[in-house]
Amino acid sequence: MPLLEMRDICKSFSGVYANENVSFSADKGEIHALLGENGAGKTTLMNILFGLYQADSGEILWKGKPAEFASPREAIEAGIGMVQQHFSLVRNLTVLDNMILNYSGNRFFLDRKKERQKLLTLSERYGLEVHPDARIADLSVGERQRVEILKTLYREIELLILDEPTGVLTPQETSQFFRMLKDLKNEGYAIIIITHRMSEILEISDRVTVLRDGKKVAEHLTAETNADQLAHDMIGRDLHGLTYTEFGEKEGAPAAGESADKRDENRQPVLELKAITRRAGKHTHALRDISLCVHAGEILGVAGVEGNGQKELAEVITGLKQATSGELLLDGKEIGHASVRERYESGISYISDDRQSDSLIPDMNISDNLMLRDYASPPYADGLLIRRGAVKENAKDKMKEFEVRASGTQGAETKVRLLSGGNQQKLIIARELSDRSRLVVAAQPTRGLDIGATEFVRERLVRKKESGGAVLLISADLEEIFAISDRVAVLYDGRIMDILDRNELDIRRIGLLMGGVTKESV
Amino acid sequence: MSQLFTLSFFTAFLAAAVRLAVPLIYAGLGETIAEKAGVINIGMEGVMLDGAFFSFAGAWYSGSLAVGLLCGIAGGVLMSVLHGVICIVLAQDQTVSGLAINMFALGLTSFLFKLMSQGQSYQQVETFETYAIPGLSKIPLIGAAFFEKDILCYLLYILLILFTIFYKRTDLGLSHIAVGEAPHAAESAGIPVHLFQWTALLVNGVLGGIGGAYLVLVQLGVFTENMISGRGYIALAAVILGRHMPLGMFAAALLFGLANALQIRLQTIGVSVSPYLLAILPYAMTLLAMLGAAGRSSRPESLGKPYVRGSR
């Protein structure tokens, strides 16, 4: 008897099926991967299990008995925990308070001293380092992920659901995380992991269920399948290869063959940072003496564990924050004191790692979000008024060109909040990668996206570079850095540890640099 | 002017300030609790007015202060339940609902009072007695102001301390904070968001009702139309100025009490400034205080946003 069985689950949102007759099961001591593109219905299925949504029909058997969880509280009480992709943390509370929030081990009065100890023990045991008194709002996305995982482990659960858990971890952290998952599995936990990364599925899972368009299309034992088959099941077509570049392999990578030195000679520097320094704030990390250069027709990857100054680097370049000292040049012109708009108008685009708060206004619709950066200039502005016709026209073109799909019937009038992560990101790219953009600062541009969308985003960045633009790709995902960068800078503690050419790339070396270890200190 | 500087003047001045502040503190505490859970009740003015009227009616008809108090509480709760139905069940705009409640309460109480009084005037009910706390009430300056009060005022001190502990030290208090900060996260942690918001609103009604009743049953013994005259709004300001914590709100409300007492004193000793100008003082101070508090928001992040389960 499986620990969990879901039978013929159906769920629709305003007439559109998110799940259609999906059956799914999970056993003790098993890692079951749930695979599918964004919008395939994976998260909906798990939200139903976790009591966030109610199924329209179908049944759930928990330990052999029919169960229906009306709320997450009931699911947690039954022994089901879930780490959601959009974090469920209270930003203004500390790590510890988030841990003990509504924890069943609490008495009426909180015993923070005891719980703190428990948290530290747990975080040490699973190698998930956190600071109990830090406020969530001050943590990087990667750190928040750690808190989320710990929070779930904190509660006595038997089934753990993880929605895209590794998107924000470094390779070292990921392998540590996998060791932890295997430990949990051996302790008898059932684990459901929602992911789009083939390598992970093949490495960690025992079984794979593939969803496409809300329907279950396949279920395999991991040992009996391979990446090609899974990819085919998932998207029903073959991929081009930007996503599949394995470490060390270089085919499919657009920059292959040419040596970096040769390229540099005949290419103009687009962005130059000279000794950029920024003091650490209460909630921000420092930048220390950063000098780098991004040339036309080049993708410079910035690798590093999050929270080492990535956000600050991106924001100093795009103008959201000011450097304390140093020079910032765009096409040879000093822009260190230019406003965000001036920088945008002279060609700096920004794809932020926090798309919902930095790049989009979730409660506004697609067409308005598409003109957020240009609303004050033609063709959208006509004196004091906005020309709705031009806005609509633009939305129509961009949605088509960039394959932005709005589920439902409202088209360009759909609120951005209702789009899937992949479509939100496509929308941002449609806005930011205009013809006049000279430099694209892309921070974690494919985080949380499925393979199809990931490939799309990378392809667009490569296309930008091929048309002579410069791209600064900040990513915690080494696979991504390796796949499309021409050179790779490693950021650690606000410092550039080293800048490597494509042909010197070596996962181990980069991993060490990311951990602050230089050649000299080895 | 020399009388301004005697100890007895300051003692009386402080006592007046506390007296003026107590209804504000009751309402402010109720509002703090609702706002912590993410529901803003601009209708505090209406809640207090309802509390004042029904406490007066209850005490008048039954001749009992206890019955009056209970009626006042019921009156306050009535208004916040109305607010809850609109804001929690129907997920409508909280500001609009609150304003509507203020208008509604004004109309309702004025109408019922007309029916009740039938043209007679000067109806008076008896008021709660004061008890001096031995020892404490003998402290110079503050003794008389804080410890020669009625039972409702002492209850208020206890509530302030209890709610401070509640938010800082208890499981339930932490959950309430989470509901106002991030309802989706709270729901994922298994907290029944709507239930908590309802509880908070009920407490809001009870305390707001007492705040209104306090004016009638402790201080004046009478009801007059629109007698709250802005106290509900000042209580809202005190909550913000007090950074959404019970003791902070307490201090802020005392400050308003002081401003009001000062304005009355200045009028009675005949300072040659227009009394109308002086009457602005507490409100001007409110504005100044808000300016001073700008940029240091303690506002719960999801305050005023209706929470709909299952929405993204």
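As the structure is a computational prediction, the values presented were derived from the model and not from experiment. Each chain gets a letter, A, B and so on, in the order its sequence line appears, and its residues count up from 1.
When heavy atoms are compared at a cutoff of 4.5 Å, Gln54(A) approaches chain B solely by way of its side chain, counted from C-beta outward. Only the backbone of Arg107(A) has a heavy atom closer than 4.5 Å to any heavy atom of chain B. Using a 4.5 Å cut-off between heavy atoms, Gln84(A) touches chain B through its side chain atoms alone. Residue Leu93(A) touches chain B through its side chain alone, counting heavy-atom pairs closer than 4.5 Å.
Within a 6.0 Å sphere centred on CG of Asp133(A), other residues, nucleotides and ligands contribute more than 12 heavy atoms. The local environment of CG in Leu162(B) is crowded, with over 12 non-hydrogen atoms from other residues, nucleotides or ligands closer than 6.0 Å. Environment of CD in Glu59(A): crowded, with over 12 heavy atoms of neighbouring residues, nucleotides or ligands closer than 6.0 Å. Annotation for Met364(A): atom CE counts as buried by contact number, over 12 foreign heavy atoms lying within 6.0 Å. By the neighbour-count criterion of 12 heavy atoms within 6.0 Å, atom OH of Tyr17(A) is sparsely surrounded, having that number or fewer from other residues, nucleotides or ligands.
Counting heavy-atom pairs under 4.5 Å between each of Leu172(B), Ile177(B), Ile165(B), Asp171(B) and chain A puts Asp171(B) at the top. For the options Ile76(A), Asn102(A), Leu89(A), Asp111(A), heavy-atom pairs under 4.5 Å to chain B are most numerous at Asn102(A). Of all the listed residues (Asn98(A), Val90(A), Asn47(A)), the one sharing the greatest number of non-hydrogen pairs under 4.5 Å with chain B is Val90(A).
Scanning all heavy atoms of the two residues, the minimum distance from Arg112(A) to Lys168(B) falls at NH1-O, 2.8 Å. When all heavy atoms of Glu181(B) and Asn92(A) are compared, the pair lying nearest together is OE1-ND2, 2.9 Å.
Here the CG-CG distance, from Leu174(B) to Leu110(A), works out to 6.0 Å after rounding to the nearest 0.5 Å. Note: Phe108(A) CZ to Thr170(B) OG1 = 4.5 Å, rounded to the nearest 0.5 Å.
Contacts between residues 186-193 of chain B and chain A, counted as heavy-atom pairs separated by less than 4.5 Å, involve Glu187(B), Ser188(B), Ala189(B), Gly190(B), Ile191(B), Pro192(B).
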